[in-house]
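Working notes for the structure below.
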Amino acid sequence: MTSELNTPTLDELEAAASKKFAWKWDAISIANQPYKLAVAADPDSMLIEACERQDAGEEGVIDPFWATTWRAAAGLDRFLDQVDVKDVPVLELGCGTGHAGIAAMLRGAAVTLTDGVEDPLLLVRMSVWQRRDQCTVERLRFGIDTIDDQSFPIILGSDVTYLRQLWPELDVCLRQHLTEGGQVLLSDPYRFIANEFREWIQKRGWHYTEHKVELADDPKHPIRVMQLRDAK
């Protein structure tokens, strides 16, 4: 899917990332197979630094929650075993490390991976480099940016409901990009605030179905997948 003449090489992407933060290749399982993700080497230190800068009064500092692969992404990956995504255009919102979008890609989807900030997208471009013909990576901020002239039968998002103030913008983004009759799959680790989101989103014309996904690393703490379809 990526055909730009000026697409940077993998070496150029690695060099650009190294100028911004420490990173590494992490071998994990995605879509039931081994895969290498480019990830931040020390996400805890990045978060502490961001908090210190915020405490010092610096404006515009964004918490680097994207730097860690959360269990919600692994749960969404597992849930995709039940979804036919082969040759289906799929959009991932707030992709972070790109785990969920890559899970769809490895199952045959044509994936657009997006995030609201640029740093994670740099690492995601590295992670999908070998299969860049199957992926598009671009910035998308809820309610601000749009992907022109394209809609998606499936939209994915893992841990994108934890900030209440972003819910209206997320709702707008979903309506802007979801194909008529399509579905949205949002995962979270049963956060209390997502319980509130469940009630909030249904009042805005979405049909809601909830699924529980158990993961082998901690079966006592499953992941929730919230399936949304436009009820209108």
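- One finds the CG atom of L13 at 10.5 Å from the OG atom of S18 (value rounded to the nearest 0.5 Å).
- For D149, there are no side chain to side chain donor-acceptor pair (under 3.5 Å) partners at least two apart in sequence or on another chain.
- Within the 4.5 Å cutoff, the side chain of V83 has no heavy atoms near those of the V88 side chain.
- H211 contributes atom NE2, which lies 4.0 Å from atom CZ of F79 (distance to the nearest 0.5 angstrom).
- Using a 4.5 Å cut-off between side-chain heavy atoms of Ile, Leu, Val, Met, Phe, Trp and Tyr, with links allowed through other members, L91 and I144 fall into different hydrophobic clusters.
- In this structure, P222 and V213 have side chains that are not in contact, with every pair of non-hydrogen atoms separated by 4.5 Å or more.
- Between H99 and I28, the closest side-chain pair of non-hydrogen atoms falls below 4.5 Å.
- At distances below 3.5 Å, at least one donor-acceptor pair connects side-chain atoms of R107 with backbone N or O atoms of A103.
- A salt bridge does not link R71 with D159: none of the charged nitrogens is closer than 4.0 Å to a carboxylate oxygen.
- Relative ring orientation between F197 and W167 is described as perpendicular, the plane-to-plane angle rising above 60° on a 0-90° scale split at 30° and 60°.
- The nearest pair of heavy atoms linking Q176 to D145 is OE1-O, 4.1 Å.
- A donor-acceptor pair is defined here as one N or O able to donate and one able to accept, closer than 3.5 Å; such a pair exists between the side chain of Q134 and the backbone of M105.
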Exercise for the section: Might you work through the side chain to side chain contact (heavy atoms under 4.5 Å, CB included) test for L113 and C135, ending with a clear yes or no? Expected result: CA-CA 7 Å; L113 300 106; C135 293; 4.0 Å; yes
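- The distance from atom CG of L186 to atom CG of L170, rounded to the nearest 0.5 Å, is 6.5 Å.
- In this structure, Q202 CD and H207 NE2 are separated by 8.5 Å, a value rounded to the nearest 0.5 Å.
- Panel note: side chain R132, backbone W129; a donor-acceptor pair is recorded below 3.5 Å.
- Between the side chains of Y35 and Q33, no donor-acceptor pair of N or O atoms lies under 3.5 Å.
- Geometrically, R204 does not engage W206 in a cation-pi contact defined by less than 6.0 Å to the ring centre and at most 45° from the axis.
- Counting only distance, with no hydrogens or angles, the side chain of T114 and the backbone of E138 share no donor-acceptor pair below 3.5 Å.
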Problem - Candidate pair D171 and I201, rule side chain to side chain contact (heavy atoms under 4.5 Å, CB included), full reasoning - result: CA-CA 8 Å; D171 184 28; I201 199 68; 4.2 Å; yes
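- In terms of heavy-atom proximity, T161 sits nearest to I193 at O-CG2, 4.0 Å.
- In the hydrophobic cluster analysis, where Ile, Leu, Val, Met, Phe, Trp and Tyr join through side-chain heavy atoms closer than 4.5 angstrom, I147 is grouped apart from V172.
- The closest donor-acceptor contact from the side chain of T179 to the backbone of G182 lies at 3.5 Å or more, if one exists at all.
- L93 and L174 make their closest contact through CD1-CD2, 3.8 Å (heavy atoms, listed as atom of the first residue, atom of the second, distance).
- With a 6.0 Å radius and a threshold of 12 heavy atoms from other residues, nucleotides or ligands, E118 has its CD atom above the threshold.
- Here the side chain of E196 pairs no donor or acceptor atom with the backbone of F192 at under 3.5 angstrom.
- Rounding to the nearest 0.5 Å gives a distance of 11.5 Å between CD of E92 and CD1 of I155.
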Exercise for the section: Applying side chain to side chain contact (heavy atoms under 4.5 Å, CB included), run through Y162 and D188 and close with a yes or a no. Expected result: CA-CA 9 Å; Y162 65 91; D188 87 295; over 6 Å; no
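- The two residues L140 and C173 make their nearest non-hydrogen contact at CD2-SG, 3.4 Å.
- Separation of atoms CE (M226) and OG1 (T209) is listed at 12.0 Å; rounding is to 0.5 Å.
- The closest side-chain heavy-atom distance from M126 to W23 is below 4.5 Å.
- Heavy atoms only, all atoms of each residue included: I102 and L37 are closest at CD1-CD2, 3.5 Å.
- With hydrogens and angles disregarded, no donor-acceptor distance shorter than 3.5 Å links the side chain of S151 to the backbone of H177.
- Here the closest heavy-atom approach between residue S187 and residue L76 is recorded as OG-CB, 3.7 Å.
- A donor-acceptor contact shorter than 3.5 Å links the side chain of D115 to the backbone of C95.
- Between the side chain of R139 and the backbone N or O of G116, at least one donor-acceptor pair lies under 3.5 Å.
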Problem - Stepwise side chain to side chain contact (heavy atoms under 4.5 Å, CB included) test for L80 and L185 - result: CA-CA 9 Å; L80 288 176; L185 300 174; 4.2 Å; yes
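- Each of L215 and Y190 belongs to its own hydrophobic cluster when Ile, Leu, Val, Met, Phe, Trp and Tyr are linked at side-chain heavy-atom distances under 4.5 angstrom.
- A donor-acceptor contact shorter than 3.5 Å is absent between the side chain of R175 and the backbone of D230.
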